[in-house]
Amino acid sequence: MSFDTTKLLNPPRPSYTFSIYNRDLFEKSKFKDYDSLLEHRLARSQARANHLALILENGNVTRPHGAHESKRNNGKVPTTTSIEFANGEYVASFILGTDQQTTRHLLIDTGSDLTWWQCGPCRPNKCYEQKNEPLYDFTKSKTYQKLDCLVQSTSCLIETKIYDCILYDNTCWMAEDVITFVLDQNQVRIFFGCGRDQTNGTAFTGEYSGIAGLGRRDNIGSFSLPSQFRADIMAVCLPEFYSTKPSRLSFHTTPYKKTTSARLLPNFKFPTIYFVNLYKVFINDKVIPLFPSFLRNIGNDMTGGCIVDTGATITNFPPDFYYVFRDTFRQEVKDIPLYDAPLGSFDTCYMVDPGVVPTFPIVKMYFGHQNPENLLLLEQQRVVVHERGLFCLAFKKWNHPLAIIGSYQLQSIGLTFDTATDTLSFELDACN
């Protein structure tokens, strides 16, 4: 399989708006077929869920050396970037710096408040090769500025490895430069981590220049784009799984209609993660009970603790909830025999005759209350995934009392994160 990423459609965008693409577009040439590509993506999703579970269990705060006031409000540079598992499933195009005016691609991730990219000139054999775009060279950008950090070292977790930025040895440092929006030629300055030595355990490959975190806006030193842009509103529509067309990510504007909404819940341990108030889940008209391990006391409401995470592919449920969810799904599937063996991590799969378009149960998620305004309705392509000729339930269990709503269930849905009103709105099929 192959796709020429230099021919990606990238229409001019106004200020604070970016084109986004499926990560698979940049990686499909390395795989022999779509099933292999999907399995690689599912493996990334599982690794991310495992790491996220460790963070939640250990109670790690996102800034290990303490909170700081807003960077732009007090002029201080935070001591560290956050320790995050930055493994996004979507890629955004950016024009970084002034002299080069070259489009570069950064992984975007709602679970991260880290913004970082590889900088040149690199030390000999210390940078990974960027296959599709030139290295960002800070010496050629007139708007680049290196910042004085308050400590001598920092660590950023990239993929599953930690690389150490020894600031006094000039292998990594904090800096700022501009990104340019083509349509109106507006330039906005942002802070980022600048790395010249990526050989100490980083698992990055050459398709991307770095990472742009989309973690929830806060005022205590986050490097996420919502925080840096001072944006209460972030709107994104995640492209369908194998789409070659771009979608958009925008700040300060609300391009999607509000058809369903959830409440964004505060979490002081993890202020940049998007928690929502999952209330009830149905398969067709059968309710799945929320077990005690899945309940959190939020104010006066008993609601299921749930994270919206674009870096995870498949939605994960706690084991006791998942088993009832799965068994109810099986009961509701009519006239399609259950496949007699699991497929990888999927335990509920079905085989249908060639040319037959099967119909599977719908999944209803209610947030806060059981009414139409709080209903996220998932059908067909958001409920089952097609792999190796089988249709498999696209939900999994994980050993944690929270749920993760992943990008497979959110594909082609317009998401509007509004931290001023603490709401997350959904609009079905908004990318079309």
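All values below were derived from every heavy atom in this structure, side-chain atoms included, with hydrogens, water molecules and symmetry-related copies excluded.
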Checking S243 now: which residues fulfil side chain to side chain contact (heavy atoms under 4.5 Å, CB included) with it, not counting sequence neighbours?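 S243 satisfies side chain to side chain contact (heavy atoms under 4.5 Å, CB included) with N22, P239, E240, K245 once adjacent residues are dropped.
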With Q380, which residues qualify under side chain to side chain contact (heavy atoms under 4.5 Å, CB included), at least two apart?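 Side chain to side chain contact (heavy atoms under 4.5 Å, CB included) check on Q380 returns T359, F360.
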Is there side-chain contact between [X] and [Y], with at least one heavy-atom pair below 4.5 Å?
X	Y	value
L424	L264	yes
R382	I413	yes
L214	D109	no
I307	I405	no
F31	H40	yes
C349	E387	no
D327	V324	no
Y408	F241	yes

Write down the atom of D232, the atom of R217, and the distance for their closest heavy-atom approach.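 Smallest heavy-atom distance, with atoms named: OD1-NH1, 2.8 Å.
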Strictly under 6.0 Å, is that where the ring centroids of [X] and [Y] end up?
X	Y	result
W117	F192	yes
H252	F229	no
Y366	F282	yes

Would you give the length of the straight line joining atom [atom1] of [X] to atom [atom2] of [Y], rounded to the nearest 0.5 angstrom?
X	Y	atom1	atom2	answer
F329	L338	CZ	CG	10.0 Å
Q411	L238	CD	CG	9.0 Å
S45	I404	OG	CD1	7.5 Å
Q409	Q381	CD	CD	10.5 Å

Considering the options I283, V281, V287, which one meets the side-chain contact (heavy atoms from CB on, under 4.5 Å) requirement together with T328?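 Among I283, V281, V287, the one meeting side-chain contact (heavy atoms from CB on, under 4.5 Å) with T328 is I283.
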Which pairs count as side chain to side chain donor-acceptor pair (under 3.5 Å) when at least one residue sits in residues 343-357, sequence neighbours excluded?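 Residue pairs passing side chain to side chain donor-acceptor pair (under 3.5 Å), neighbours aside: Y322-D347, R326-D347, R330-T348, S345-K396.
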Please check: side-chain N/O of [X] versus main-chain N/O of [Y], any donor-acceptor pairing under 3.5 Å?
X	Y	value
Q228	F191	yes
S407	A312	yes
R216	S227	no
N277	R263	yes

Return the set of residues passing ring pair (Phe, Tyr, Trp, His ring centres under 6.0 Å) with F94 (not counting sequence neighbours), or none when no residue passes.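 Counting only residues at least two positions away or on another chain, F94 forms a ring pair (Phe, Tyr, Trp, His ring centres under 6.0 Å) with F18.
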For the pair F181 and Y16, name the ring-plane relationship: parallel under 30°, tilted 30 to 60°, perpendicular over 60°.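 Plane angle between 30° and 60°, so tilted.
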When the ring planes of F317 and F321 are compared, do they come out parallel, tilted or perpendicular, using 30° and 60° as the limits?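 The rings of F317 and F321 stand perpendicular, inter-plane angle above 60°.
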Please determine which of R13, R248, H105 meets the side chain to side chain donor-acceptor pair (under 3.5 Å) test together with S19.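 Exactly one pass, corresponding to R13.
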Residues two or more places apart in sequence or in another chain: which of them pass side chain to side chain donor-acceptor pair (under 3.5 Å) with T313?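 For T313 the side chain to side chain donor-acceptor pair (under 3.5 Å) partners, ignoring immediate neighbours, are R41.
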Less than 3.5 Å apart, any donor N or O on the side chain of T110 or T310 sitting next to an acceptor on the other?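 Their side chains do contain a donor-acceptor pair, which is all the 3.5 Å distance test asks for.
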E427 and T259 side chains, donor-acceptor separation under 3.5 Å: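 Per modelled atom types, T259 and E427 side chains form no pair under 3.5 Å.
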Quick test of your reading: applying salt bridge (Lys or Arg N to Asp or Glu O under 4.0 Å), list the pairs with at least one residue in residues 281-290, sequence neighbours left out, ordered by first then second residue.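 Sorted result for residues 281-290: D285-K364, K286-E332.
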